[in-house]
Amino acid sequence: MSANETKKHFITDIIDGHAESGRFDGKVHTRFPPEPNGYLHIGHAKSICLNFGIAEQYGGLCNLRFDDTNPAKEEQEYIDAICEDLRWLGYDWDDRLYFASDYFDQLYEMAIELIQIGKAYVDELSQDEIRQYRGTLTRPGLESPYRNRPVEENLALFEKMRAGAFKEGEAVLRAKIDMSSGNINLRDPVMYRILDAPHPRTGAKWKIYPMYDFAHGQSDSIEGITHSICTLEYEDHRPLYDWYLDNIEIYHPQQIEFARLELSHTVLSKRKLIRLVQEKHVSGWDDPRMPTIAGLRRRGYSPEAIRQFCEDTGVGKVKGVVAFHKLEYHIRQHLNKTADRVMAVLNPLKVVIENYPDDLVEELEAINNPEDESAGRRKAPFSKVIYIERDDFMEDPPRKFFRLAPGREVRLRYAYFITCSDVIKDEDGEIVELRCTYDPATRGGAAPDGRRVKATLHWVSAGQALKAEARLYDSLFTVEDPEADSQKDFTDFINPDSLRVLYPVLVEPSLRQAKSGDRFQFERLAYFVVDPDSSPEKLVFNRTVALRDQWSKARKKGGGQARKKQRGKR
RNA sequence: AGCGAGGUAGCUCAAUUGGCAGAGCAGGUGCCUUUGGAGCACAAGGUUAAAGGUUCGAGUCCUUUCCUCGCUGCCA
């Protein structure tokens with residue numbers, strides 16, 4: 001990981017301001033507060049990096065707190081998965097694992113306090129009526145007829161709510177603020193509602209549950225959080241956050257809002273992710289095409305790459321969409337430095353080297369990682385019959401195709417120069433085999449006479465290669481923004497070719513011991529990771545990301561040379 | 001004009017708080033070669049949303065206009 005350089009942005013400016021004014025005695029204490037109603041995704045990663053990162057940067061602490069105030073949506077499975085993903089990303093909260101539900105008793109007392117000072121009341125308007133009384137964006141709301149009940153009556157009714165004497169929807173506790181506020185969050189917001197659902201942690205103890213707004217600020221306060229960092233949608237909630245803390249008169253952290261991460265070619269809302277899972281567009285939350293942390297992990301992404309990516313995208317208040325290729329850039333960057341190279345042929349074409357001894361198997365030395373000498377070397381077996389990539393041969397090559405063709409000499413990586421002498425086809429004219437000759441003097445891949453070839457091909461030896469399955473993943477969506485078209489559902493843009501399974505592909509025998517999670521570069525092709533489905537009997541590799549491919553880029557641009565366009569004069 | 005937030009290169013962000021608008025990514029051109037990868041070099045990219053004002057000097061301060069986003073859950 002890169003050095004701990006101190007990143008400056010508008011949030012650190014605010015924190016530095018507090019340090020100067022002495023508001024928090026120079027302390028920095030943040031928190032990451034997920035609701036356990038889904039899996040963490042790349043957007044959360046940004047918030048995680050920010051909260052844990054800032055704490056680390058200022059020598060402070062960051063808590064993990066589950067915002068579990070709505071038992072109707074929350075599950076233990078999600079709590080466990082979130083903890084696992086957080087650890088995998090490399091963050092540690094020591095013993096500072098908290099739940100908003102830890103504070104239900106205290107929150108209840110605070111609510112009673114607000115009732116006692118005449119700032120909260122039990123409302124028995126129906127949900128519909130409350131909506132009507134709320135007014136609209138441009139029209140002020142109306143006060144509830146229950147708004148001015150005496151304190152004693154409110155106390156008694158709230159106790160009845162707690163005791164389960166009301167059914168869901170029959171009563172709520174509301175803060176008495178201002179029904180004509182331009183900020184709708186201040187139009188007597190609901191503090192407590194009745195929910196008849198077992199809570200993953202408190203079980204059946206409670207019939208009433210605090211709303212987010214009534215729980216979050218006070219939870220921050222109880223934990224001694226200094227800077228409560230959240231996303232932009234909560235800007236309008238800050239006055240309410242402040243109101244509760246000021247009226248309950250407890251320690252007051254600072255809420256700060258930043259623009260959450262948006263990524264192209266995917267969706268990040270939990271509502272949509274959960275649909276992808278439930279409607280079986282993907283195999284699960286950890287499907288390698290999902291933007292979840294679990295999905296990215298299974299896709300082969302590394303924590304380092306994800307953290308670098310989050311760092312790179314910066315922190316601001318401007319909403320924007322980060323291109324998916326930026327994520328790919330960072331994983332390539334990391335894997336280039338760390339992944340062992342290996343030879344694998346996805347689409348095999350048989351090659352017989354006619355002048356090579358029939359039964360000889362040579363062990364040729366190959367470099368594991370040219371970027372990292374300490375990765376060492378390995379042996380790759382070579383013999384008379386090998387396989388190369390079908391794409392690496394063309395019978396009638398166009399101008400810029402430098403790979404193998406009839407009569408042409410190329411290098412087999414770490415092995416020999418070979419020259420194609422014959423092309424064998426079946427009755428349909430399909431190429432089934434190549435005949436080549438090799439130059440024994442070029443062993444290891446270098447020509448003593450200094451002659452050069454324009455291409456180096458990867459290969460595997462037929463007798464020793466292992467059969468494996470390769471899962472080639474592509475973008476889950478065909479468009480940059482699957483949510484842009486209001487006429488269509490985002491699932492209409494699912495890429496039908498987002499997964500292609502290849503079997504068998506041929507990989508070099510050094511991969512026999514590869515374990516789930518091991519990452520490799522299949523030379524000249526892509527980075528791959530061993531999938532959890534993999535077994536010694538049948539290796540399974542997921543393609544993380546392809547290498548940048550200038551040949552296919554050039555090919556797409558079309559013909560090429562006659563295209564010296566005149567460039568530039570505005 | 002309900003309230004709030006925001007507009008700097010194609011994208012994501014900087015600009016020492018009023019002092020010559022810069023990076024990364026993407027795109028372009030070229031070099032290199034035991035990965036057509038990686039790497040290296042170079043060039044290009046801007047009326048800082050617009051207009052006016054203050055100032056020796058404005059991306060930054062003031063005024064106005066335009067545009068974008070969030071908010072009318074007993075979700076978070």
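Note that the structure is predicted; figures quoted are calculated from it, not measured. Reminder, nothing fancy here: chain letters follow the sequence lines and each chain counts from 1. Hydrogens, waters and symmetry mates are skipped; everything else that's a heavy atom, side chains included, is used.
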### Task
Would you mind telling me which of rC3(B), rC74(B), rU35(B) lies closest to the side-chain atoms of P370(A)?
rU35(B)

### Query
Can a side chain N or O of Y212(A) be found less than 4.0 Å away from OP1 or OP2 on rC75(B)?
no

### Task
Calculate the interatomic distance between N185(A) atom CG and rA5(B) atom P; express it in whole Å.
14 Å

### Query
Of the nucleotides rC3(B), rG36(B), rA38(B), which one has an atom closest to the side chain of N336(A)?
rA38(B)

### Query
Which of these passes ring-ring contact (aromatic ring centres under 6.0 Å, His included) with Y438(A): F382(A), Y416(A), F417(A)?
Y416(A)

### Query
Which part of the nucleic acid, if any, lies within contact of S264(A), taking any heavy atom under 4.0 Å across all strands shown: a base, the sugar-phosphate backbone alone, or nothing?
nothing

### Task
Please measure how far the P atom in rU48(B) lies from the corresponding atom in rC31(B), and state the result in whole Å.
37 Å

### Summary
By nearest-nucleotide position on RNA chain B, the 5'-leaning member of A323(A) and K337(A) is A323(A)

### Query
Taking the P atom of each, how far is rG52(B) from rA43(B), in whole Å?
35 Å

### Query
For Y209(A), which contact category applies under a 4.0 Å heavy-atom criterion: base, sugar-phosphate, or nothing?
nothing

### Query
Hey, are E483(A) and K272(A) close enough for a salt bridge, meaning a charged N less than 4.0 Å from a carboxylate O?
yes

## Note on the structure
Picking from rC74(B), rA26(B), rU33(B), the nucleotide nearest the side-chain atoms of R452(A) would be rU33(B)

### Task
Give a yes/no answer on whether the side chain of R548(A) brings an N or O atom under 4.0 Å of OP1 or OP2 in rA38(B).
yes

### Query
For R378(A), what residues pass the salt bridge (Lys or Arg N to Asp or Glu O under 4.0 Å) criterion, not counting sequence neighbours?
E508(A)

### Message
Taking the side chain as everything from C-beta on, heavy atoms only, tell me whether F528(A) gets closer than 4.5 Å to L472(A).
### Response
yes

### side-chain hydrogen bond (donor to acceptor under 3.5 Å, both in side chains) partners of E143(A), counting only residues at least two apart
R147(A)

### Message
Any base atoms under 4.0 Å from E257(A), or only sugar-phosphate, or nothing? Heavy atoms, all strands.
### Response
nothing

### Message
Give the residues of residues 127-137 of chain A touching RNA chain B, defined as any heavy atom closer than 4.0 Å, sorted by residue number.
### Response
Q127(A), I130(A), R131(A), R134(A), G135(A), T136(A), L137(A)

### Query
Rounded to the nearest Å, what distance is computed from the CZ atom of residue R524(A) to the P atom of nucleotide rU35(B)?
10 Å

### Message
If the cut-off is 4.0 Å, is S181(A) near the phosphate of rC3(B), judged by side-chain N/O to OP1 or OP2?
### Response
no

### Summary
Distance col, row L240(A):CG vs Q255(A):CD, nearest 0.5 angstrom, shows 9.5 Å

### Message
Counting only side-chain heavy atoms from C-beta out, which of rC74(B), rU12(B), rG7(B) sits nearest to V190(A)?
### Response
rC74(B)

### Message
Please enumerate all residues that pass salt bridge (Lys or Arg N to Asp or Glu O under 4.0 Å) together with E257(A), with sequence neighbours excluded.
### Response
R238(A), K317(A)

### Query
Using a cut-off of 4.0 Å on non-hydrogen atoms, how would the nucleic acid contact of A446(A) be classed: base, sugar-phosphate, or nothing?
base

### Query
Looking just at side-chain N and O atoms, do N183(A) and S181(A) make a donor-acceptor pair shorter than 3.5 Å?
no

### Query
Reckon K317(A) touches a base, only the sugar-phosphate, or nothing at all at heavy-atom distances under 4.0 Å?
sugar-phosphate

### Message
If I take atom CD in residue E74(A) and atom P in nucleotide rA76(B), what distance separates them, rounded to the nearest angstrom?
### Response
7 Å

#### Entry: Donor-acceptor pair (no angle test) under 3.5 Å: R187(A) side chain, rU72(B) base
no

### Query
Expressed as a whole number of Å, how far does the P atom of rG18(B) sit from that of rU60(B)?
11 Å

### Task
Just call it for S126(A): base, sugar-phosphate, or nothing, with non-hydrogen atoms closer than 4.0 Å on any strand.
base

#### Entry: N/O donor-acceptor pair, side chain R332(A) with base rG37(B), under 3.5 angstrom
no

### Task
Can you check whether any acceptor in the base of rG24(B) is under 3.5 Å from a donor in the side chain of D312(A), or vice versa?
no

### Message
Checking side-chain polar atoms at under 3.5 Å, does H334(A) have a donor or acceptor matched by the opposite partner on R519(A)?
### Response
no

### Message
I'd like the C1' distance from rG27(B) over to rU68(B), given in whole Å.
### Response
26 Å

### Query
Base, sugar-phosphate, or nothing for V453(A), non-hydrogen atoms under 4.0 angstrom?
nothing

### Query
Does R193(A) have a side-chain nitrogen or oxygen under 4.0 Å from the phosphate oxygens OP1 or OP2 of rA76(B)?
yes

### Query
Does K73(A) come within less than 4.0 Å of E35(A), counting only side-chain N to carboxylate O?
no

### Message
Does either side chain, that of Y133(A) or that of D188(A), offer a donor lying less than 3.5 Å from an acceptor on the other one?
### Response
no

### Query
Using 30° and 60° as the class limits, which term best fits the ring planes of Y209(A) and F104(A): parallel, tilted or perpendicular?
perpendicular

### Structure string for RNA chain B in dot-bracket form, Watson-Crick and G-U at under 3.5 Å, | interchain
.((((((..((((.....[..))))..((((.......))))......(((((..]....))))))))))).....

### Message
Using the side-chain heavy atoms of K319(A), tell me which of these nucleotides is nearest: rC69(B), rC25(B), rG37(B).
### Response
rC69(B)

## Note on the structure
Of rU12(B), rG36(B), rG7(B), the nucleotide closest to the side chain of R403(A) is rG36(B)

Polar atom pairs between nucleotides 14-19 of chain B and protein, under 3.5 Å, N or O only, would you list them?
{"from": "rA14(B)", "atom 1": "OP1", "to": "V315(A)", "atom 2": "O", "distance (Å)": "3.3"}

### Any donor-acceptor N or O pair under 3.5 Å, side chains T456(A), R411(A)
yes

### Query
So does Y234(A) reach the base of rA76(B) with its side chain, donor to acceptor, closer than 3.5 Å?
yes

### Query
Hey, does G169(A) reach any base, or is it just sugar-phosphate, or nothing, if we go heavy atoms under 4.0 Å?
base

### Message
Without decimals, in angstroms, what is the distance between Q521(A) CD and rG39(B) P?
### Response
12 Å

### Message
Using a heavy-atom cut-off of 4.0 Å across all strands, would you classify V172(A) as base, sugar-phosphate, or nothing?
### Response
base

### Message
Please report the distance separating the P of rA9(B) from the corresponding atom of rA21(B), rounded so that it comes out in whole Å.
### Response
15 Å

### Task
Would you indicate which nucleotide in rG70(B), rG36(B), rA26(B) comes nearest to any side-chain atom of F402(A)?
rG36(B)

### Query
Looking just at side-chain N and O atoms, do D128(A) and S126(A) make a donor-acceptor pair shorter than 3.5 Å?
no

### Task
Would you mind reporting whether I54(A) and H9(A) have side-chain heavy atoms less than 4.5 Å apart?
yes

### Task
Just call it for L240(A): base, sugar-phosphate, or nothing, with non-hydrogen atoms closer than 4.0 Å on any strand.
nothing

#### Entry: Touch class at under 4.0 angstrom, heavy-atom based, for H216(A) against every strand present
nothing

### Task
Just call it for D236(A): base, sugar-phosphate, or nothing, with non-hydrogen atoms closer than 4.0 Å on any strand.
base

### Query
Taking the nucleotide of RNA chain B with the closest heavy atom to each, which residue, E235(A) or K73(A), is nearer the 5' end?
E235(A)

